[in-house]
Amino acid sequence: MADQKQIAFTIDGRPVTTTAGTLVIEAAKTQGIEVPSFCYYPGLSLQAACRMCLVEVEKMPKLQTACTLVATDGMVVKTSTDQVHKARKDMIEFLLSNHPLDCPVCDKGGECELQDMTFRYGLDKTRFVEEKLHTPEQKWSPLVYYDAPRCILCFRCVRVCDEGMDVKALGVGSRGVLSVILPNKPDELACEECGMCIDICPVGALTSGTYRYQTRPWEMTYVGNPCAHCSNGCKTTLSVRNNEILRANNRDHSGINGEFLCAKGRFGYDFTSNAERIRQPLVRRNGKLEPASWEDALEEVARRLKQAHVGRGPAAIGVIGSNHTTNEENYLLNRFARVTLGTNNLDHHRTADYAGLAAALGSRAKDSLATMADVYNAPAVLLIGNDVTQQNPLVAWQIRTGVRHHGLKLYAINSLPSKIHRQAKIAVEVAKGGEHQALRWLASEHGQFDVKTTEALVQLKAALEAEKDVVVLFGADIQGAAIRDLVSLAARFGGKTKFMALGDYANSRGAADMGILPDRLPGYAHLSDSAERARFGKLWGGEISATPGLTARAMMEAAAAGKLNALYVVGANPLKTFGVAQPDRLAGLELLIVHDMFLTETAQRADVVLPAASTYEKDGSLTNTAGEVQLTHRSIDPQGPRSDFDLLRILSHQLSMLGLGTPIRLRTPEAAFDEIRQNVAGYDLAYANLLAGGSELARATSKAPEAAYDVPVGTIFSSQDYLFTSGTLGRYCSRLTSTNEAKQIPWTSSPSTQSWWQR
Amino acid sequence: MQLPPPLETKFNELAGRYPVKRSALIPMMLYAQDHLGSLGDEILEEIAKRLGLNFIEVEETLAYYSMLRRKPAGRNHIQVCTNISCMLRGGNELYKHVQKRLGIGHKEVSASGTFSLEEVECIGACTGAPAMQVNYDFYEDLDPDKVDAIFEQLQEGKKPKPSAVTAGSLHDRLPAEVPVISKRFGIPNAHKIDVYRKHEGYQALEKALTMTPDQIIDEVKKSNLRGRGGAGFPTGMKWSFVPKDTSKPNNIHANADESEPGTCKDRPLMEMDPHQLIEGMVIAGRAVGSHQGYIYIRGEYRYIIDIMDAAIAEAYARSYLGKNILGSGFDFDLVTHTGAGAYECGEESALMESLEGKRGYPRIRPPFPAVVGLYGCPTVINNAETLNTIPAIILKGGDWYSSLGTPRNGGTRLYSISGHVNRPGIYELPLGFPLRRLIEEVAGGVRGGKKLKAVIPGGSSCPLLSAGEIDIAMDYDSVAKAGSMLGSGGTVVMDEDTCMVDVARRIMHFYAHESCGWCIPCREGTAWLRKMLDRFHEGGGREEDIPLIDELSKNMLGRTFCPLGDAAALPTISIVKKWRNEFEDHLHGKCAYNAAELIAGVH
Ligand SMILES: Cc1cc2nc3c(=O)[nH]c(=O)nc-3n(C[C@H](O)[C@H](O)[C@H](O)COP(=O)(O)O)c2cc1C
Ligand code: SF4
Ligand code: SF4
Ligand code: SF4
Ligand code: SF4
Ligand code: FES
Ligand code: FES
């Protein structure tokens with residue numbers, strides 16, 4: 001760790017005390033003194049290339065680069081002398097000599113660092129009368145374009161791709177003034193298409209294929225939202241004009257993701273305007289889904305639900321919730337299912353065993369859940385069974401950055417090949433499903449492995465026992481008993497161990513936390529807990545049965561067997577998830593209601609389809625896989641569709657008029673969130689911080705450590721989405737699927753289809 | 001990919017040569033190109049695979065080096081130097097002659113594929129100017145007739161006999177000379193180990209093996225030896241910076257990238273006396289506790305690399321290299337490494353990057369190489385000539401060596417004198433030797449009885465001296481006092497007919513071509529100045545260009561990442577200052593050198 005010694009020096013006459021090792025450019029920031037820079041980028045390797053940050057230092061004959069100069073005791077730095085001002089002007093003049101003057105048409109115009117610097121530090125006239133270099137713009141991929149003349153060769157893109165992404169898809173071609181940035185394949189960039197290079201480019205040299213030449217930055221409004229895709233909860237800033245999202249990027253680095261975004265968070269926003277979006281309710285008439293008015297559709301839903309309820313009773317009704325809807329919507333859905341419809345047949349596609357983790361940790365969950373920041377800060381990370389590079393891109397970024405910045409040690413046990421293993425001190429590769437077995441070996445040295453694996457496990461065991469403060473990450477295969485084994489194994493590591501279960505989708509964790517489970521109430525209280533049942537019953541104006549309901553898979557099976565009468569699906573595609581192309585699995589149903597944005601496999605079979613607003617079109621909160629809660633906002637008007645929140649609320653009113661349940665009085669997501677904060681274990685969060693765009697960790701805890709909590713095989717599983725897929729939603733992100741890489745499944749082992757990063 | 005057997009052998013040998021595989025990248029590409037004509041995707045993929053690299057890492061490295069090419073050249077790749085020393089002796093005319101004869105231009109290939117042409121920067125044959133290379137063979141002291149004769153043979157499929165370095169450049173010993181490192185020049189087969197040993201060879205090593213490291217460093221300190229690579233840093237002091245308590249292996253690095261225009265002294269040293277360098281390096285290794293040496297030789301000097309490799313093999317065979325040298329218990333291994341066309345790789349930190357198989361970008365300092373150098377280990381980098389002096393210093397003592405020169409400027413050094421003199425050549429003279437005598441007596445005075453106009457004292461990075469400024473002693477301190485630098489000992493003399501605008505233009509072309517592109521002021525500044533000087537020299541100059549040339553140079557000066565920016569600025573500033581009248585004459589259509597027709601300059 002860095003020397004914590006303090007040193008004192010002055011910048012522009014102001015005394016500064018700072019930690020030894022601090023760079024002058026950073027120390028200046030703390031004083032509100034801006035030292036201009038292009039090539040310097042916090043967290044990436046130092047370059048001293050652009051020479052914009054030259055400052056005067058007493059007793060040093062030449063100007064020094066503040067971006068590499070380490071402050072020392074007694075140093076006297078001056079950032080505002082004539083000499084310094086002249087140097088800045090001169091650098092800008094050099095830079096502009098070959099720079100095209102196309103600011104008026106450049107995407108970056110208005111948010112360009114070169115423009116700003118020229119305005120602040122540059123000359124007002126040009127002395128360059130020679131011919132400028134010109135080369136045509138290049139399309140590197142459908143998502144990334146490069147315009148060499150605009151490039152100022154700060155090499156930020158090269159570094160972020162290499163150091164930050166560990167992809168190294170970019171290089172530098174030629175040399176001297178002819179230097180250009182090179183993509184790894186001249187005809188098409190082969191990479192993770194994260195667009196980090198676009199975001200980090202200070203000028204308009206790298207532009208986004210989805211955004212370029214559409215608008216001017218000042219014509220848009222900006223909304224920071226958690227990403228709609230994976231479970232990591234990156235904040236992506238949606239740039240909106242005329243009710244259309246034109247771009248998503250990382251505008252202010254204020255989210256838990258810092259500067260990171262993957263391809264999905266950056267380019268996967270166009271589902272909102274996909275032509276296949278359902279914008280009107282559909283009701284099946286004469287065997288065909290036909291557009292209907294909201295009144296008719298809702299009336300139909302209420303009437304037929306009531307019918308089903310009266311008919312074969314609540315036990316024959318099932319409700320499947322979503323990995324994408326908000327906490328408030330899930331909370332409402334829980335009430336809707338258990339109280340309004342009176343059924344505990346409530347579940348969703350579980351992609352990680354969050355309930356199992358809560359149960360295994362018991363009250364320790366309070367201080368044993370790892371945040372995204374914890375992953376970065378951890379001295380050591382143990383990763384079990386997940387290709388984080390593909391499935392949890394932010395987690396992977398946090399690990400890589402930790403390795404780079406402070407020597408984080410990564411240990412992995414994995415049946416999936418993963419690029420992250422390049423960062424690992426020890427990576428033990430096991431056969432599919434072998435992770436749990438390996439854990440047991442670590443705990444008790446029981447079990448048989450081949451020699452190579454055994455050797456690796458021996459090493460891993462020794463290494464882990466020497467570690468302190470390990471963050472443990474695990475994928476869907478570690479569930480139930482395996483989590484208990486893991487927690488007890490981790491008790492042997494020194495220091496504080498923290499855990500994170502790795503799920504798949506934007507609100508996978510929230511769905512579990514809000515009790516979209518057949519046997520759990522919000523906050524993971526088991527249905528057998530009569531006090532909790534009574535508490536929620538009272539809150540929701542009805543009684544909650546103590547008998548656990550069917551899992552989602554069991555519901556699908558019951559439907560196929562004619563044992564389920566009605567199925568209410570909110571934002572899920574269970575036919576695809578559980579039934580894989582067997583549409584007659586739903587043949588036994590009398591009623592299928594689906595809330596969705598698209599006519600999914602499941603929606604196509606529905607009796608009524610209610611068009612739903614997307615995450616980017618509604619207010620509410622989402623909980624990432626770590627348990628960090630963030631608010632999402634209605635960045636655009638959904639134009640037709642309605643939020644699931646509104647649909648459930650309206651429906652509860654209609655049903656109550658038919659004598660089923662009581663109306664939901666919570667009028668807004670804010671009101672629902674208030675109720676959640678007051679009533680759901682772990683969700684007593686500081687709202688002010690959330691409103692300000694921050695995140696808060698929900699520490700859902702079970703009151704006491706519970707007896708073994710296991711779910712049947714096939715209940716919890718990952719869909720193994722990769723960087724370019726995102727469940728059903730991903731199919732409607734046409735930009736995301738437009739790249740070559742999107743067509744390659746990352747885990748294939750046959751050399752001919754090997755993913756581009758495997759060499 | 002199936003490689004031709006000799007290439008396969010070479011690849012295997014290269015792959016095992018370095019502690020880090022990637023170091024083999026540049027040599028592999030160059031040797032592959034020699035065998036295959038050019039570097040296509042297939043061979044690059046193969047190299048990437050063998051070295052465990054991404055394709056882009058291979059490609060971006062290739063793109064940096066001017067000798068490496070993606071497209072085939074002709075069977076005879078003609079490389080004509082038009083840099084300063086050659087230009088002064090008809091290099092431009094020669095280039096045009098070749099162009100006309102072959103009917104092809106810069107970087108073009110003749111229809112039959114027999115020839116390709118390239119205008120190149122200094123190839124280290126300045127004292128034999130004008131010079132060219134056909135593939136790796138040097139032809140020097142050329143004129144159109146000699147070139148025609150060469151082409152006739154080439155067309156017949158014959159290989160004309162290359163010039164020995166001795167051809168134009170070595171003369172009978174002059175009384176003024178003090179042969180220390182050049183004392184074996186002219187002795188037949190001095191490059192053979194037996195001949196070397198007969199003439200004091202390896203005696204210094206034997207002595208050094210009985211000394212402690214500190215004793216060796218003390219002796220070098222006493223010698224007042226200063227680096228011959230350009231900066232003139234005291235060598236003994238540099239060695240003493242190497243930490244003694246590090247667990248990492250140290251490296252000794254000989255810098256034989258010799259690319260500073262006007263400089264060609266490491267080449268004869270290695271050609272005629274390769275063992276002297278080997279001996280110097282083993283002693284240096286002993287002094288700083290290093291067991292591994294590298295000699296980085298510019299790629300154009302392929303035949304020198306072969307000579308060095310043969311000498312190294314001899315030294316291994318006689319236990320002057322390898323494990324337990326001469327039974328002393330001291331181990332030292334030594335390998336050569338080829339560059340591939342990049343002046344910047346002579347800069348010590350870029351050199352290490354290049355040896356690590358990367359683009360030749362310089363590194364941020366601190367840390368200095370003595371602490372964190374090659375492969376992150378402490379590294380001593382010295383110019384090849386610097387290391388050549390070590391055996392004599394150890395054998396005869398630091399005091400003796402020091403006494404040959406002037407205070408704080410010990411010993412002798414090799415001067416390569418080129419340009420408009422009667423006797424261009426390589427001479428060993430004591431430090432402090434008067435510049436006037438160097439020109440008039442040693443080099444035989446200005447050619448054709450012309451008057452002297454300007455002198456570059458030590459390579460084209462140095463500010464130029466005018467005829468009135470040559471009454472100075474050639475040692476580091478005196479030349480610095482006169483506002484220039486002793487540099488690399490490449491002294492370039494210009495007569496009264498020289499167009500100084502053209503000189504400034506040609507020098508800027510070089511630096512613009514060699515700028516690595518890392519930092520803004522050098523990358524953009526050299527390119528801007530090059531375009532401006534071209535325009536100016538062609539007759540498109542404007543009054544305001546003259547101060548602008550001066551100001552832009554000063555805007556680079558002292559603000560670039562490495563000294564190359566200064567190297568471009570300093571001569572330019574001095575020319576504008578001292579020969580401003582010639583710039584003004586140009587505005588009125590007058591040019592001192594009447595054949596002012598512009599040659600593009602390397603691009
Ligand atoms: C642009 C540039 C090119 C250089 N080229 C060479 C070179 O070709 N050979 C050399 O010995 N030193 C060269 N140097 C100097 C080296 O950086 C370094 O100072 C030298 O090798 C140290 O050896 P010495 O102390 O023995 O002189 C160059 C420096 C710069 C800035
Ligand atoms: S999109 Fe991401 S992976 Fe691709 S080149 Fe840019 S930074 Fe690298
Ligand atoms: S493309 Fe952008 S980020 Fe990359 S080097 Fe050029 S200016 Fe910098
Ligand atoms: S890592 Fe996950 S949350 Fe972050 S941008 Fe990518 S898909 Fe969205
Ligand atoms: S001065 Fe800058 S651009 Fe020029 S060679 Fe040095 S580092 Fe490269
Ligand atoms: S910011 Fe310091 S040199 Fe670029
Ligand atoms: S060889 Fe032509 S200038 Fe040196």
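These figures come from a predicted structure and were not determined experimentally. Letters A, B, ... are given to chains in the order of the sequence lines, protein chains preceding strands, and every chain is numbered from 1.
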*If you tally heavy-atom pairs under 4.5 Å against chain B, which of A/Gly173, A/Ser174, A/Pro183 wins?*
A/Ser174
*asked:* Using heavy-atom distances under 4.5 Å, tell me whether B/Leu62 contacts chain A through its side chain, its backbone, both, or neither.
replied: neither
_Whether over 12 other heavy atoms sit under 6.0 Å from A/Asp82 CG_ = no
*Is there a side chain to side chain contact (heavy atoms under 4.5 Å, CB included) between B/Glu60 and A/Lys168 once you walk through the steps?*
CA-CA 11 Å; B/Glu60 71 170 340; A/Lys168 181 73 189 163; 2.7 Å; yes
*How would you list, in number order, the residues of residues 53-67 of chain A that have a heavy atom less than 4.5 Å from chain B?*
A/Leu54, A/Lys62, A/Leu63
*Atom CD1 of B/Ile520 and atom CD1 of A/Ile152: how far apart are they, to the nearest 0.5 Å?*
6.0 Å
*Enter the distance from A/Glu93:CD to B/Glu551:CD here, rounded to the nearest 0.5 Å.*
7.0 Å
Using atom types as modelled, flag every donor-acceptor pair under 3.5 Å from a side chain in residues 338-346 of chain B to any protein atom, sequence neighbours excluded.
unit_1	atom_1	unit_2	atom_2	d
B/Tyr343	OH	B/Glu260	OE1	2.5
B/Tyr343	OH	B/Ser461	OG	3.4

*Mark yes when over 12 heavy atoms from residues, nucleotides or ligands other than A/Phe119 sit less than 6.0 Å from its CZ; otherwise mark no.*
no
*Nearest heavy-atom pair of A/Ser179 and B/Cys516: which atoms, and what distance?*
OG-O, 3.9 Å
_Region of A/Leu133 in contact with chain B, defined by heavy-atom distances below 4.5 Å_ = both
*When heavy-atom pairs shorter than 4.5 Å are enumerated against chain A, which of B/Pro521, B/Gly558, B/Cys522 gives the highest number?*
B/Pro521
*asked:* Please check if the number of heavy atoms outside B/Glu544 that lie under 6.0 Å from its CD is greater than 12.
replied: yes
*asked:* Show, in sequence, the C-alpha distance, side-chain angles and deciding distance for B/Arg535 and A/Glu130, and conclude whether the salt bridge (charged side-chain N to carboxylate O under 4.0 Å, His left out) test is met.
replied: CA-CA 8 Å; B/Arg535 173 169 56 76; A/Glu130 322 305 326; 2.7 Å; yes
*Does NZ in B/Lys481 sit with more than 12 non-hydrogen atoms of other residues, nucleotides or ligands closer than 6.0 Å?*
no
_Between B/Arg559 and chain A, with a heavy-atom cut-off of 4.5 Å, which part of the residue counts as in contact: side chain, backbone, both or neither?_
both
_Polar side chain donor-acceptor pair, A/Lys86 to B/Asn555, under 3.5 angstrom_ = yes
*Report yes if the side chains of B/Ile56 and A/Leu182 come closer than 4.5 Å at any heavy-atom pair, otherwise no.*
yes
*Tell me, side chain or backbone of B/Arg363 under 4.5 Å from chain A's heavy atoms, or both, or neither?*
neither
*chain A contacts, top residue of B/Pro362, B/Gly525, B/Gly540 (heavy-atom pairs, under 4.5 Å)*: B/Gly525
*side chain to side chain contact (heavy atoms under 4.5 Å, CB included) between B/Arg523 and A/Leu95: does it pass, once the steps are laid out?*
CA-CA 9 Å; B/Arg523 178 179 75 226; A/Leu95 208 45; 4.0 Å; yes
*Atom pair CG (A/Leu153) and SG (B/Cys519), whose distance is rounded to the nearest 0.5 Å*: 11.5 Å
*State whether B/Lys554 and A/Asp90 are salt-bridged, where the test is any N-O pair (Lys NZ or Arg NE/NH1/NH2 against Asp/Glu carboxylate O) under 4.0 Å.*
no
_I need the minimum non-hydrogen distance between A/Asn184 and B/Phe55, along with the two atoms involved._
O-CD2, 4.0 Å
_Can you tell me which of A/Cys154, A/Ser97, A/Gly176 forms the most heavy-atom pairs within a distance under 4.5 Å of chain B?_
A/Gly176
*asked:* Less than 4.5 Å to any heavy atom of chain A: does that hold for the side chain of B/Thr560, its backbone, both, or neither?
replied: backbone
_Side chain / backbone / both / neither for A/Arg127 at chain B, heavy atoms under 4.5 Å_ = both
*asked:* Restricting to ring-ring contact (aromatic ring centres under 6.0 Å, His included), what partner residues turn up for A/Tyr146, sequence neighbours left out?
replied: A/Trp140
*asked:* Pair B/Met532, A/Val129 - check side chain to side chain contact (heavy atoms under 4.5 Å, CB included), show working.
replied: CA-CA 8 Å; B/Met532 214 155 124; A/Val129 297; over 6 Å; no
*May I ask you to list the residues in residues 38-50 of chain A that approach chain B closer than 4.5 angstrom, counting heavy atoms only, ordered by number?*
A/Leu46, A/Gln47, A/Ala48, A/Ala49, A/Cys50
*So how far is it from A/Ile92 CD1 to B/Glu524 CD, rounded to the nearest 0.5 Å?*
12.0 Å
*Verify, without hydrogens or angle tests, whether A/Arg175 (side chain) and B/Tyr361 (backbone) share a donor-acceptor contact under 3.5 angstrom.*
no
*Please report the C-alpha distance between A/Val177 and B/Trp528 in whole Å, then the side-chain angles of each, then the deciding distance to 0.1 Å, and finally whether the side chain to side chain contact (heavy atoms under 4.5 Å, CB included) criterion is met.*
CA-CA 9 Å; A/Val177 78; B/Trp528 184 350; over 6 Å; no
